[in-house]
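In this text, all values refer to a predicted model and were calculated from it rather than measured experimentally.
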Amino acid sequence: GSVGALSGFLVESVQAYRVVFAVYMVIALAFQWAIARKLYLGFPRALVMGIVDMLFLCFTVHLLGSVGTVLPLIYVATPVLYATTTTRRRLSMTVAAVGVSGYALIVALELLEVIPYAPAIRGAARPEVAFAVISVVMVALCAFATSALTANLFAQLERANARLSDLSQHDELTGLYNRRYVMARLADELARLVRQPSSLTVAMVDLDGFKRVNDEVGHDAGDEVLRS
């Protein structure tokens, strides 16, 4: 989106619309400021940001040609990018729905000659109806399929990472926290004591005579004792 906004000032054919590009740049910078300040975090902010991006991209596609150019690919790429920011599948699907709906509306209005085709490109030929319909269908299929697939893949990756994190912090036999987790928590608590002086208690528990269980009835029995 930012690249498209910058092109509004550099590409001569769309400089007449530089006000729209400037407004988008201001909105984009405001979103980036909010992200840096950790304001309006979560799904609502990402959703509004995605809708704004898609509306701006629809405007750009209309200016430069909705059919017969590579520009409709942005309706496929943008939802995928949003799918990488969160495991919530509905975000990427919503962004894809907004983009596809906007694209279909633009193509329909151009075919009905309500709005001109590619007004920023002089002499651009209006596409045939069949070609325009096929373009909309292909964009819709690719946008929804790729956004759903990417969201699913990233959700699986996050679950796998969570599982690995859990395994790295727990003892496989007993399910209790292991030494790595205890040392990390102890470091956190000591750092907290530096910031907020208070008391800290560390308890150590030892099982007397446990070696005799392993020696007399075997390690399998000892493992069962530890599990219980």
Considering only residues two or more places apart or on different chains, which pairs with a residue in residues 106-121 satisfy side-chain hydrogen bond (donor to acceptor under 3.5 Å, both in side chains)? His62-Glu110, Ser66-Glu110

Suppose we screen for ring pair (Phe, Tyr, Trp, His ring centres under 6.0 Å). Which residues come up paired with Tyr181, at least two apart in sequence or across chains? Tyr177

Is there a side-chain contact between Arg163 and Asp166 in this structure, where contact means two heavy atoms from C-beta onward sitting under 4.5 Å apart? yes

Decide whether Leu81 and Met49 are clustered together by the hydrophobic rule: side chain heavy atoms of Ile, Leu, Val, Met, Phe, Trp, Tyr closer than 4.5 Å, transitively. no

So CG of Asp53 and OG1 of Thr78: to nearest 0.5 Å the spacing works out to 7.0 Å

One should read off an interatomic distance between Arg179 CZ and Asp171 CG, to the nearest 0.5 angstrom, of 13.5 Å

Just list the side-chain donor-acceptor pairs under 3.5 Å for residues 146-155, sequence neighbours left out, or say none.
unit_1, atom_1, unit_2, atom_2, d
Thr146, OG1, Cys142, O, 2.5
Thr146, OG1, Ala143, O, 3.3
Ser147, OG, Ala143, O, 2.8
Ser147, OG, Phe144, O, 3.1
Thr150, OG1, Thr146, O, 2.7
Asn152, ND2, Ala148, O, 3.2

State plainly whether one hydrophobic cluster holds both Val26 and Val52, where clusters connect Ile, Leu, Val, Met, Phe, Trp and Tyr through side-chain heavy atoms under 4.5 angstrom apart. no

Nearest-0.5 Å distance that lies between atom OH in Tyr82 and atom CD1 in Ile51: 9.5 Å

Look at the aromatic rings of Tyr103 and Tyr75 and report parallel, tilted or perpendicular, splitting at 30° and 60°. tilted

Report the distance from atom CD of Gln169 to atom CG of Asn178, rounding to the nearest 0.5 Å. 7.5 Å

Out of curiosity, Leu71 CG to Thr60 OG1, how far, rounded to the nearest 0.5 Å? 8.0 Å

Please say whether more than 12 non-hydrogen atoms of neighbouring residues, nucleotides or ligands are located less than 6.0 Å from CD in Glu128. no

For the CZ atom on Arg180, are there more than 12 heavy atoms of other groups (residues, nucleotides or ligands in this structure) within a distance under 6.0 Å? no

